[in-house]
Amino acid sequence: MSIRELDQTYVANTYKRFPVEIVSGKGSLVWDSDGREYIDMGSGIAVTSFGVADEEWQRAVIEQIGKVQHTSNLYYTEPCAKLAEMLCTRTGMKKVFFSNSGAEANECMIKAARKWAAENKGADCFTIATLTGSFHGRTLTTLAATGQAHYHELFQPLTPGFVSVDAGKIEQLDEANAKTSLAAVMIECIQGEGGVVPLDPAYAKALADWTKAHDVLLLIDEVQTGNGRTGALYAYMNYGFTPDAVSTAKGLAGGLPLGATLLGERLEHVLGYGDHGSTFGGNPVSCAAALSVLSRIDDDLLADVRRKSQWVYDALNGAPGVESVSGMGLMIGVKCTKPAAEVVTACIGRGVLFLTAKDKVRLLPALNIPDEALMKAVNTLKEVLAE
Ligand SMILES: *Cc1c(COP(=O)(O)O)cnc(C)c1O
């Protein structure tokens with residue numbers, strides 16, 4: 001059997017894969033099993049922050065693999081401790097819990113919020129409001145948090161304690177809070193899977209003020225928007241939020257599994273011995289990779305992400321076949337006059353791998369994508385859209 005046939009026979013049929021078998025890559029280029037070259041505009045969904053097989057990233061990983069690849073959380077390791085310090089120093093958050101994925105980073109954030117609310121506001125205060133159109137993960141609890149009913153239908157009953165509100169409508173928070181005392185509001189600054197939809201800054205400010213006034217926690221899901229993706233280290237920094245907790249994963253370790261839940265002052269001491277745990281979480285190899293990734297996301301790199309973003313906006317705004325452009329930094333959604341899936345398929349045929357998000361073509365290239373590759377990919381998109 002071919003790899004495609006093997007995969008289709010033996011791998012659970014949860015993914016509709018593109019007809020491309022990727023065998024290797026370098027930076028923002030990947031090669032398939034026929035030796036065809038593609039420009040990678042998806043980075044494995046915002047994961048390979050510095051591209052494929054980046055040398056500096058490889059050195060960090062290989063060095064740690066040669067020392068110890070796993071210890072369990074019964075022992076101290078340097079990469080875990082140093083990464084937690086770096087995350088706290090660069091965000092002002094106080095403590096970090098490490099896991100392996102975005103869903104798990106959100107699970108921890110939800111558990112911390114529930115425990116805080118039970119202890120500070122009473123046992124019947126556990127409900128978390130999330131936004132319509134949000135995406136928070138695939139576990140039963142993060143699915144419940146996800147504000148898109150079509151993900152829920154086949155998996156009832158989901159974890160109780162979540163309510164959906166529409167972005168832009170503060171009065172819906174008042175209504176939800178009157179019905180059942182809210183523990184927290186959980187948001188993405190830019191909805192990723194929901195279609196690259198940024199939060200309106202006026203609503204963001206009103207939301208932050210509302211949570212403060214009502215003693216409700218503000219939880220930010222930075223699984224996709226984090227780690228330099230939007231031109232700030234974390235997207236909440238673009239909005240001037242002071243979150244009580246931040247979750248992140250995808251790009252954090254540049255291609256190895258790692259989730260992190262950052263806890264602010266109010267949640268710093270909420271999790272105690274035995275309250276939460278993970279066998280793989282804080283794995284030294286993933287943490288060494290993340291230390292390497294984060295140490296490269298400095299002011300110069302972030303300025304470069306914003307410069308590239310502006311160039312993409314200028315190139316696509318008003319171009320034939322483009323209805324609108326949304327997003328921040330190198331997390332960009334393009335609403336096209338043609339169906340997004342068709343556009344992505346046509347671009348694959350011309351050697352560029354884009355993603356979709358709802359009805360948009362989504363761009364999530366490596367943060368260090370060379371200008372030339374970025375321009376070539378965007379020009380290919382423009383050609384396909386103009387036809
Ligand atoms: C991808 C994503 C998740 C889920 O992350 P996994 O690593 O797939 O569990 C959660 N929240 C947001 C905003 C995401 O983009």
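Just follow the structure's listing: the first ligand is 1, and inside any ligand the first atom is 1. We're numbering straight along the sequence, starting at 1.
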May I ask you to check if ligand 1 and [X] share an N or O to N or O distance below 3.5 Å?
X	result
Gln224	yes
Gly137	no
Ala249	no

Do Asn73 and Ser278 meet the criterion of a side-chain donor-acceptor pair at a distance under 3.5 Å? no
Using only heavy-atom distances, determine whether the side chains of Lys360 and Ser326 contain a donor-acceptor pair under 3.5 Å. yes
Does NZ or CZ of Arg362 fall inside the cone over Phe354's six-membered ring, less than 6.0 Å from its centre and within 45° of the axis? no
Take Leu218 and Tyr236 through the test side-chain contact (heavy atoms from CB on, under 4.5 Å) and record every step on the way to the result. CA-CA 11 Å; Leu218 179 58; Tyr236 77 79; over 6 Å; no
Tightest non-hydrogen contact, residues Thr146 and His136, listed as OG1-N, 2.9 Å
Minimum-distance protein heavy atom relative to [atom]:
atom	answer
atom 7 (O) of ligand 1	Gly102 N, 2.8 Å
atom 11 (N) of ligand 1	Asp221 OD2, 2.8 Å
atom 2 (C) of ligand 1	Lys250 NZ, 2.5 Å
atom 9 (O) of ligand 1	Ala103 N, 2.8 Å

Have a look at ligand 1 and work out which part of His136, if any, has a heavy atom under 4.0 Å from it: side chain, backbone, both or neither. backbone
Heavy-atom check, side chain of Ile297 versus side chain of Asn227, under 4.5 Å: yes
Would you call Leu364 and Gln224 a side-chain contact if the rule is heavy atoms closer than 4.5 Å? yes
Number the atoms of ligand 1 from 1 as they appear, then name those within less than 4.0 Å of a heavy atom of [X], with their elements.
X	value
Asn106	10 (C), 11 (N)
Ser101	7 (O), 9 (O)
Glu188	13 (C)

Between Lys179 and Asp174, does any NZ, NE, NH1 or NH2 come within less than 4.0 Å of an OD or OE carboxylate oxygen? no
